[in-house]
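So the structure is just underneath, and the comments pick up after that.
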Number of protein chains: 2
Amino acid sequence: MDRDLLDLPVLLLNAAGALVDAIDAGVRARGFADLRPAHGFAFARLSHDGATVGQLAEHLGMTKQAASQLVEELVTKGYVERRPHPADARARLIVLTRQGWACTRAADEAAIEVLRPWADALGPQRLAALRADLSRIATPGRLRRTW
Amino acid sequence: MDRDLLDLPVLLLNAAGALVDAIDAGVRARGFADLRPAHGFAFARLSHDGATVGQLAEHLGMTKQAASQLVEELVTKGYVERRPHPADARARLIVLTRQGWACTRAADEAAIEVLRPWADALGPQRLAALRADLSRIATPGRLRRTW
DNA sequence: CCCAAGTAGTCAAGCTGCTTGACTAAATAG
DNA sequence: CTATTTAGTCAAGCAGCTTGACTACTTGGG
């Protein structure tokens, strides 16, 4: 039983990795080859009303500097744009461009394509249980590069 | 429902990260402050009869060169040693030293300390279900740095 | 038995994505 | 209206990985 406990982290990491890789592959296959998984997680945060660089950094579990240059990269590639922040002239509101939204939709499609068969095999109540169980371990909101 | 599907990867990654971080903290607290999570995953592989650099690379999802220098680091710090391989003079068998075993035990303790309360809260049959469900997504044996 | 091809491991160089440190401009507190 | 804090960027550095090239040993086919 303890053996079972001990390889749970490995199992979890492995599952997460497999999922992320599969979705990333799906996104690339849809024509967005210049993006990495981290960008997708950024898009997920930006897709609700945008976000500041600081909020993005918080969400991605990295420094503001790192988030800033990630944004710079996305601006250059045309996926997001910096707008003046309506309530704070120091800050800038990062929002998705048309291309950013297109990519977000593609990512959603890819994710569903990967997750659907597996969710169907599991069944709804088992899926709900899994979500609930995972939520217990997860630190809300903070995402990080693992190991 | 699709919304639920879509944040499953985030949830998984988040949970995996939280677990890895917590165990890593436990290991450091036990006096092994010069190690990172990746080393722990290496130990897990080495603890069954040792392994070659190539096998380690495969297990950790990295190139042989990277695994080789990870081993070099662990040799320097006294956690593993290189032995001649019994069946192949090109290869070397990497095995844990006494200190390596001590760290492995400490890691197991830390992992159980972290996982136990959460496993208890879940209950045995729910835990078994979680393991089974995760196993479906996971690519067997291959571990990778996620995103 | 021997040679050609394949495999285990290491050395060296380079690069990517992150960090820490220092700074400017704007907001906020007292 | 100054003193402190906060948002963001610029610059430099670095850890952990990659690709490429090489040596030592093994394996398979004639």
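Since we're looking at a predicted model, the values are computed, not measured. Reminder, nothing fancy here: chain letters follow the sequence lines and each chain counts from 1.
- With hydrogens and angles disregarded, a donor-acceptor distance shorter than 3.5 Å links the side chain of A:R28 to the backbone of A:L35.
- Here the side chain of B:R136 pairs no donor or acceptor atom with the backbone of B:A132 at under 3.5 angstrom.
- When side chains are defined from C-beta on, B:H39 does not count as touching B:D34, because their heavy atoms never get closer than 4.5 Å.
- For the pair A:L127 and A:W118, the tightest heavy-atom approach, listed with the atom from each and the gap, is CD1-CZ3, 4.1 Å.
- Contact between A:L93 and A:T52 at its shortest, heavy atoms only, is CD1-N, 4.5 Å.
- The stretch residues 14-24 of chain B does not touch DNA chain D, since none of its heavy atoms comes less than 4.0 Å from the strand.
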Under 4.0 Å protein heavy-atom contacts per nucleotide of nucleotides 4-9 of chain C, with B for base, S for backbone only and - for none = --BBBB
What string of B, S and - do you get for nucleotides 11-17 of chain D, 5' to 3', when a contact is any protein heavy atom under 4.0 Å?
-> -----SB
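- No donor-acceptor pair closer than 3.5 Å links the side chain of B:T139 to the backbone N or O of A:A18.
- Mapping A:A67 and B:E72 onto DNA chain C via the closest heavy atom, the residue that lands nearer the 5' end is B:E72.
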Can B:E81 and B:R98 be said to form a salt bridge (Lys or Arg N to Asp or Glu O under 4.0 Å), step by step?
-> CA-CA 10 Å; B:E81 63 182 13; B:R98 179 181 298 265; over 6 Å; no
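- One interatomic measurement links the two molecules: CD of A:E58 to P of D:dG8, which rounds to 13 Å at whole-angstrom precision.
- When atom types are taken as modelled, the side chain of B:T146 and the backbone of A:T146 share no donor-acceptor pair closer than 3.5 angstrom.
- Crowding of A:R144 atom CZ: a count of heavy atoms from other residues, nucleotides or ligands under 6.0 Å not exceeding 12.
- A single hydrophobic cluster is not seen to contain both B:Y79 and B:V95; linkage of ILVMFWY side chains at heavy-atom distances under 4.5 Å, directly or through other members, places them apart.
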